[in-house]
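Remember, predicted model here, so these are calculated numbers, not experimental data.
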Amino acid sequence: MEKVVKRIAVEKENREFLMKAFGVTSVCIWNALTYKRNNSLARKIRKLAVERGGYEVQTIPVGKNPMDCVETMHDSDGFIRQYFPNGAMIELSKNDETGDVFFKGECKKHYDNVTLPMIESIQNYAMGLA
């Protein structure tokens with residue numbers, strides 16, 4: 001049986017706020033929010049993230065198809081985010097047709113003029129990251 005994965009979900013502006021507040025990189029924030037680190041700094045980051053509107057999310061795998069385990073969030077900040085079991089995240093803007101693929105907190109690929117037919121290839125790229 002695969003394990004439950006938990007993380008703290010926050011909007012992009014709050015990730016940027018946390019980076020500035022603690023003077024750390026996006027990778028440090030990602031490690032804290034995905035519970036990859038559990039030191040005192042990571043706990044402080046998670047606490048402030050929740051105080052600023054973040055919330056805990058738990059993902060439970062339900063099937064053999066990798067897309068069965070993908071979580072899609074339509075956030076109020078104008079982004080669609082997809083979270084993958086390998087730790088990748090796709091962030092698509094509803095406002096300017098751009099998209100980014102993040103892996104372990106680092107932006108791996110940026111897309112301009114994202115169209116609906118492109119999304120499957122973006123998802124395949126994200127699922128292939130290791």
field: Any side-chain donor near an acceptor of the partner, Ser121 and Asn124, under 3.5 Å
entry: no
task: For Tyr125 and Glu120, test the side chains for any donor-to-acceptor distance below 3.5 angstrom and give the result as yes or no.
output: no
I need the [X] [atom1] to [Y] [atom2] distance, nearest 0.5 Å.
X: Glu91; Y: Tyr83; atom1: CD; atom2: OH; value: 7.5 Å
X: Ile29; Y: Met19; atom1: CD1; atom2: CE; value: 7.0 Å
X: Leu48; Y: Phe22; atom1: CG; atom2: CZ; value: 5.0 Å
X: Asp100; Y: Lys12; atom1: CG; atom2: NZ; value: 6.0 Å
X: Ile90; Y: Met127; atom1: CD1; atom2: CE; value: 8.0 Å

- prompt: Should Asn86 and Phe103 be marked as a side chain to side chain contact (heavy atoms under 4.5 Å, CB included) after you check the CA-CA gap, both sets of side-chain angles, and the distance that decides it?
  reply: CA-CA 8 Å; Asn86 65 347; Phe103 186 67; 4.2 Å; yes
Do you reckon [X] sits in the same ILVMFWY cluster as [Y], going by side-chain contacts under 4.5 Å, direct or chained?
X: Leu116; Y: Val101; answer: yes
X: Ile45; Y: Tyr35; answer: yes
X: Phe79; Y: Val57; answer: no
X: Trp30; Y: Val50; answer: no

Flag if over 12 foreign heavy atoms under 6.0 Å of CZ, Arg81: yes
task: Report yes if some heavy atom in the side chain of Glu56 is under 4.5 Å from a heavy atom in the side chain of Lys6; otherwise report no.
output: yes
query: Quick one: are Val27 and Lys104 in side-chain contact, heavy atoms under 4.5 Å?
result: no
message: Assess the residue pair Lys20 and Glu16 against the criterion (salt bridge (Lys or Arg N to Asp or Glu O under 4.0 Å)); give the C-alpha distance rounded to whole Å, side-chain angles, the decisive distance to 0.1 Å, and a yes or no.
response: CA-CA 6 Å; Lys20 289 178 185 172; Glu16 292 169 359; 5.9 Å; no
message: Check Arg15 with Glu11, please: is the shortest side-chain N to carboxylate O separation under 4.0 Å?
response: no
- prompt: Salt-bridged, Glu13 to Arg52, with N to O below 4.0 Å?
  reply: no
Please check this pair: side chain of [X] against backbone of [Y], looking for a donor-acceptor N/O pair closer than 3.5 Å.
X: Arg46; Y: Ile8; answer: no
X: Asn31; Y: Lys36; answer: no
X: Asn14; Y: Phe17; answer: no
X: Thr98; Y: Tyr111; answer: no

- request: Report the C-alpha separation of Leu92 and Ile119 in whole Å, then their side-chain angles, then the decisive distance to 0.1 Å, and conclude whether the side chain to side chain contact (heavy atoms under 4.5 Å, CB included) test is met.
  value: CA-CA 9 Å; Leu92 301 172; Ile119 293 175; 4.0 Å; yes
query: Please walk me through it: do Ser93 and Val114 pass side chain to side chain contact (heavy atoms under 4.5 Å, CB included)?
result: CA-CA 9 Å; Ser93 173; Val114 175; over 6 Å; no
query: Can you name the closest pair of heavy atoms from Ala88 and Ala126 and give their distance?
result: CB-O, 3.5 Å
message: Using every non-hydrogen atom in the two residues, find where Val24 and Leu18 come nearest and quote the distance to one decimal.
response: CG2-O, 4.4 Å
Verdict with supporting geometry, Ile80 and Lys94, side chain to side chain contact (heavy atoms under 4.5 Å, CB included): CA-CA 7 Å; Ile80 298 170; Lys94 296 178 190 177; 3.5 Å; yes
